Amino acid sequence: MTLLLDLVFYKHMQKQVVVTGLGFVTPVGSSVESFLTAVTKGSSGIRLIKSFDTSKLRTKYAGIVEDFPIKDLLTDKELSRLDRTAQFSILAAKLALDDADLLKNSSMSGSRVEEPDSIGICMGTGAGSVGALEKSYKSFFENGQSDVFAIPSSMHHSPTGNVSIKYGLHGFNLTISTACSSGAAAIGVAFNEIRYGNIKRMVAGGVEASITKCHLENWTAMRVLSPEKEEPARAMKPFSKNRSGFLLGEGAALVVLEELESALARGCKIYGEIVGFGSTSDGTHIVNPSFEGQALAIERALKSAKIAPEQIGYINAHGTATSLNDKVETQAIKKIFGKCQIPISSIKPITGHMLAASGAAEFATAILAAKEGLIPPTINYEQLDPDCDLDYVTEGARKAEIEYTMSTSFGFGGSNAVLVSKRWN
Amino acid sequence: MNKSLDSIEKEVYRIVADVLKIDIALLEPETDLIDTFQADSLDALEIVLTTQKVFGFEVDDSQIPMLRTPKQIIECIADALKIENQHTVSI
């Protein structure tokens, strides 16, 4: 009886959680407008890698972030000690917190949040600050030089820690690393923290900046990267039979999640509501996905959102354009939704696979799709694959009235994270 | 190589300015690097590690917190290298 009362009480204690801020640093821009325009028009951010010599490499292209305005936010000293991951994160957090109107004295250098104890951060990263790590290893193994700043700048937790320091986020501080689902998992954990009344607001999302020569070559060795050279913007072809793999991307995507009462009291804009999070572990293979594990994560996300499968109006897919992902993801969706006509799209051909940042950017994309009534397309689709026979929105952006959306993210190690959001009326 | 106290002073100023990413002209012998430039424990360690490499000596860990000004760093090096009264020394 006590347990039953506790459960009823606990359910009533659940808070509604809304998205009140978005911050993007991506290959297709660092504003909500530029990102939304690119994903709906299908404008690719794939470019030739220029930060190192690619002349002898099989893959030469990636989704690259160019000219992001970080120098106004950091001193020369800070810049010299922060990996690209932390720099992306600091800028994305500034944009998200500004968008949510949570920064006081919003100058480029000295902004802090109000009510610091009421706001925390949860970020995902797959590869961590691999650029800083490689630099320190090179220096050590070639010259025997150790570096005081190597550990603070190269640890996975560096981006999260540095954002919390920069803006004074004292409520919560956690980094999640579950490969490609890290960003989505971080949003899910942040959602639950607010939903169950532990904190009022969270900055959450993912970051990745792993386009280094060594990292690129290691991905190449796994034969998952597209070798396309003629038309790099058309290299990634999710769900299309003539797919050739993915291209890496880099960037950061952060959202501000907030208790509904707090958002209403502040009178701030609301992009949408996050209503469900499902997470599972395949427990089968380190890189091969399992459709059972993915399907269970989808099922749990729907249960968490307290909705039926047919209420979902759009799925932003993981859609990496590897034959295994596309086939298994399609299988998982079909297991839960049947041979449905739910529109499904992947924006990865536009941004590149930004690993942890993709999961967060794609959740934001699903929120924006419902808000705008416009589903972004899966670009570059060319050939029907009998194993991928769903509605992948291949004709271009599609107008639609959507109430609930889903965003799926699946990572090496069998970590699945699925988020459900609802249009805010 | 012979090093005078003057050349040590110049080298220390260069290292401090480089680590803290500041204009060398802002440095005075008695400038408190923590109060003036918000140097933290990592900055102090980097300055000490670099000076150790450049001058070839080792600073005792217990001395590091005491090195707050360029003058204190220079005196520490001079002491370690046994330079007295601005004599030239071979290092």
Side-chain angles (χ1 to χ4, degrees), chain A residues 69-87 89-91 105 107-112 128-129 131-133 135-168 170 173, chain B residues 1 8 10-70 72-74 76-77 80 91:
Chain A
I70 192 66
K71 285 184 180 164
D72 299 328
L73 278 177
L74 298 171
T75 63
D76 288 347
K77 184 173 130 181
E78 289 169 325
L79 268 173
S80 71
R81 291 172 195 179
L82 292 176
D83 181 68
R84 203 165 162 84
T85 47
Q87 295 181 20
S89 305
I90 283 170
L91 177 56
N105 305 321
S107 67
M108 285 305 270
S109 55
S111 315
R112 309 284 284 178
S129 302
L133 198 62
K135 189 176 149 196
S136 81
Y137 283 168
K138 189 170 190 294
S139 176
F140 183 79
F141 289 116
E142 286 183 359
N143 307 312
Q145 299 285 324
S146 55
D147 180 352
V148 169
F149 303 107
I151 287 172
S153 68
S154 68
M155 60 186 183
H156 275 53
H157 194 48
S158 175
T160 314
N162 277 295
V163 170
S164 74
I165 292 162
K166 183 73 180 171
Y167 304 111
H170 296 172
N173 183 338
Chain B
M1 181 174 65
I8 290 173
K10 277 183 190 161
E11 194 71 2
V12 166
Y13 274 46
R14 185 194 63 75
I15 291 167
V16 170
D18 186 51
V19 170
L20 299 181
K21 301 284 183 277
I22 54 170
D23 185 344
I24 201 165
L26 297 172
L27 289 169
E28 298 284 342
E30 304 282 359
T31 304
D32 188 303
L33 302 177
I34 297 168
D35 291 346
T36 313
F37 300 111
Q38 292 76 50
D40 60 17
S41 57
L42 293 176
D43 294 321
L45 280 170
E46 180 65 7
I47 290 167
V48 168
L49 280 179
T50 311
T51 51
Q52 285 185 167
K53 266 179 243 161
V54 170
F55 295 105
F57 72 104
E58 208 158 294
V59 178
D60 189 272
D61 287 357
S62 63
Q63 274 189 285
I64 296 171
M66 266 87 84
L67 303 177
R68 293 177 64 115
T69 68
Q72 286 166 343
I73 298 168
I74 292 158
C76 172
I77 296 167
I91 62 172

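Residue numbers begin at 1 in each chain, while the letters A, B, ... track the order of the sequences. From a predicted model like this one, the values you see are computed outputs, not experimental measurements.
- The number of heavy atoms from other shown groups lying within 6.0 Å of NZ (B/Lys53) is above 12.
- With contacts defined as side-chain heavy-atom distances shorter than 4.5 Å, the pair B/Asp43/A/Arg81 qualifies.
- The local environment of CG in A/Leu79 is crowded, with over 12 non-hydrogen atoms from other residues, nucleotides or ligands closer than 6.0 Å.
- Side-chain contact between B/Glu46 and A/Asp147 is present, with at least one heavy-atom pair separated by less than 4.5 Å.
- In this structure, the separation between CD1 on B/Ile22 and OG1 on A/Thr75 is 11.5 Å, given to the nearest 0.5 Å.
- Using a 4.5 Å cut-off between non-hydrogen atoms, the part of residues 152-164 of chain A that approaches chain B consists of A/Pro152.
- Heavy atoms from other residues, nucleotides or ligands lying under 6.0 Å from NZ of A/Lys77 number more than 12.
- Heavy atoms of B/Leu45 lying under 4.5 Å from chain A belong to its backbone as well as its side chain.
- For B/Ala39, the part lying under 4.5 angstrom from a heavy atom of chain A is the backbone only.
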